[in-house]
Amino acid sequence: MSKKDYEDVVELYKDLLSDVEKAVAKEISKEMIKIEQETIDKEVYAKFTPKVYQRRYDDGGLRSEDNMETWISVEGDSVIIEVENTTTGSPHSCPDYYRGYIQPLIEEGIYIWNGEMPPPRPFIDPTQEVIDDTNRIDDVLDRVLKNLGW
């Protein structure tokens with residue numbers, strides 16, 4: 001923690017990187033998930049209405065936080081945060097329904113459902129654009145570091 005007086009910049013950096021990896025990255029990944037959920041609402045759900053099945057939304061559906069796996073790693077002096085949407089097809093929709101990951105199907109619009117081919121509805125790149133082009137992640141970083149005493 002920064003409340004400690006540092007004589008060695010390497011030790012300060014090591015402690016800061018440790019706090020970023022252990023605490024800050026978790027809060028940032030939560031914000032990344034919120035951004036993805038908002039983007040799914042805008043880019044996926046608002047652009048196609050299914051006629052045969054009911055969406056699962058937060059209950060096991062594409063925007064469900066339970067289906068978003070997060071990996072945090074350190075590479076050199078960088079903390080890498082990855083979120084992967086692992087939502088699979090619903091086993092309850094119909095007996096022949098696709099059971100694999102649905103993110104690529106939705107992103108590329110490469111499936112036919114009840115005789116209809118939904119349009120591609122990419123949400124990964126638009127999610128990354130919000131992350132890159134807004135201060136939302138920076139704001140989380142600032143808030144959490146401040147709460148940790150940095």
Side-chain angles (χ1 to χ4, degrees), residues 1-50 53-93 97-111 113 118-150:
M1 295 284 195
S2 71
K3 295 179 183 192
K4 176 179 170 182
D5 288 328
Y6 289 91
E7 302 271 334
D8 181 4
V9 72
V10 173
E11 184 182 347
L12 179 140
Y13 180 75
K14 181 180 164 188
D15 286 352
L16 177 59
L17 188 60
S18 175
D19 277 353
V20 168
E21 179 186 12
K22 291 177 183 165
V24 178
K26 289 177 186 167
E27 293 302 312
I28 288 174
S29 68
K30 288 178 187 177
E31 186 67 19
M32 290 169 67
I33 288 170
K34 283 183 197 174
I35 292 168
E36 183 167 313
Q37 290 170 321
E38 293 164 7
T39 304
I40 288 168
D41 287 340
K42 180 180 172 188
E43 300 296 335
V44 177
Y45 293 154
K47 293 187 176 181
F48 174 76
T49 302
Y53 64 93
Q54 291 194 350
R55 289 189 165 136
R56 296 172 285 162
Y57 296 97
D58 291 323
D59 188 23
L62 192 62
R63 65 165 280 137
S64 177
E65 189 173 336
D66 292 339
N67 294 336
M68 296 187 194
E69 294 186 27
T70 303
W71 292 276
I72 300 168
S73 60
V74 176
E75 292 181 16
D77 62 353
S78 298
V79 176
I80 309 298
I81 306 166
E82 297 177 81
V83 176
E84 180 181 9
N85 193 309
T86 61
T87 305
T88 58
S90 173
H92 307 294
S93 291
Y97 191 67
Y98 180 74
R99 302 280 194 276
Y101 293 135
I102 62 173
Q103 177 262 322
L105 301 179
I106 292 169
E107 285 260 321
E108 298 170 27
I110 54 171
Y111 64 102
W113 181 255
R121 292 163 290 151
F123 62 93
I124 300 298
D125 286 345
T127 297
Q128 188 64 52
E129 288 171 13
V130 172
I131 290 167
D132 293 341
D133 297 342
T134 68
N135 291 328
R136 290 178 64 171
I137 300 302
D138 293 339
D139 292 346
V140 171
L141 176 67
D142 291 346
R143 177 179 46 81
V144 176
L145 285 176
K146 183 178 178 185
N147 289 342
L148 290 172
W150 288 98

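- Using a 4.5 Å heavy-atom threshold, the side chains of L145 and V20 count as touching.
- Of the possible donor and acceptor atoms, none in the side chain of T87 sits under 3.5 Å from a partner among the backbone N and O of I102.
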Could you check F123 against Q103 for side-chain contact (heavy atoms from CB on, under 4.5 Å), going step by step and ending with a plain yes or no?
CA-CA 9 Å; F123 62 93; Q103 177 262 322; 3.4 Å; yes
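- Rounded to the nearest 0.5 angstrom, N147 CG and D19 CG are separated by 11.5 Å.
- Look at K30 and E27 and you find a salt bridge, because one of the NZ, NE, NH1 or NH2 atoms lies within 4.0 Å of a carboxylate O, short of that distance.
- Within the structure, every pair that satisfies the salt bridge (charged side-chain N to carboxylate O under 4.0 Å, His left out) test and touches residues 60-73, not counting sequence neighbours, is listed here: D41-R63, D58-R63.
- Atom-to-atom distance recorded for D133:CG and Q128:CD is 9.0 Å, nearest 0.5 angstrom.
- Residue W150 holds its CH2 atom at 12.0 Å from CG of L141, rounded to the nearest 0.5 Å.
- Of all heavy-atom pairs between P120 and P122, the closest is C-CD, 3.5 Å.
- Summarising the local packing, CG of D138 is surrounded by more than 12 heavy atoms from other residues, nucleotides or ligands at distances under 6.0 Å.
- Electrostatic pairing of R143 and E31 does not count as a salt bridge here, judged by no charged N lying under 4.0 Å from a carboxylate O.
- Residue D77 comes nearest to Y13 through the heavy atom pair CB-OH, 2.5 Å, listed as atom of the first residue, atom of the second, then distance.
- Ion pairing between K47 and E43 holds under the 4.0 Å rule for side-chain N and carboxylate O.
- Between V79 and L17 there is a side-chain heavy-atom pair separated by less than 4.5 Å.
- Closest heavy-atom contact between M68 and L62: CE-O, 3.6 Å.
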Evaluate E36 against I124 for side-chain contact (heavy atoms from CB on, under 4.5 Å), listing each step before the verdict.
CA-CA 8 Å; E36 183 167 313; I124 300 298; 4.3 Å; yes
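- Applying the salt bridge (Lys or Arg N to Asp or Glu O under 4.0 Å) rule to E129 yields no partners; only residues at least two apart in sequence or on another chain are considered.
- Evaluation of the salt bridge (Lys or Arg N to Asp or Glu O under 4.0 Å) rule for E107 yields no partner, not counting sequence neighbours.
- Classification of the Y45-Y57 ring pair by plane angle, with boundaries at 30° and 60°, yields perpendicular.
- At least one side-chain heavy atom of I40 sits under 4.5 Å from a side-chain heavy atom of N85.
- In this structure, the side chains of V24 and L148 come closer than 4.5 Å at one or more pairs of heavy atoms.
- A donor-acceptor pair under 3.5 Å is formed between the side chain of T39 and the backbone N or O of I35.
- For R55, the salt bridge (Lys or Arg N to Asp or Glu O under 4.0 Å) test picks out no residue, with sequence neighbours left out.
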What verdict does the side-chain contact (heavy atoms from CB on, under 4.5 Å) test give for D139 and T134, after you've listed the backbone C-alpha separation in whole Å, the side-chain angles of each residue and the deciding distance to 0.1 Å?
CA-CA 9 Å; D139 292 346; T134 68; over 6 Å; no
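- Judged by distance alone, with hydrogens and angles left aside, the side-chain atoms of N67 form no donor-acceptor pair with the main-chain N or O of T88 at under 3.5 Å.
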Dump the intermediate steps for side-chain contact (heavy atoms from CB on, under 4.5 Å) on T70 and M32, then the final yes or no.
CA-CA 10 Å; T70 303; M32 290 169 67; over 6 Å; no
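- By the salt bridge (Lys or Arg N to Asp or Glu O under 4.0 Å) test, E82 pairs with no residue at all, sequence neighbours left out.
- Residues meeting the side-chain contact (heavy atoms from CB on, under 4.5 Å) test with E75, sequence neighbours left out: S73, I80.
- Distance NZ/K34 to OG1/T127: 14.5 Å, rounded to 0.5 Å.
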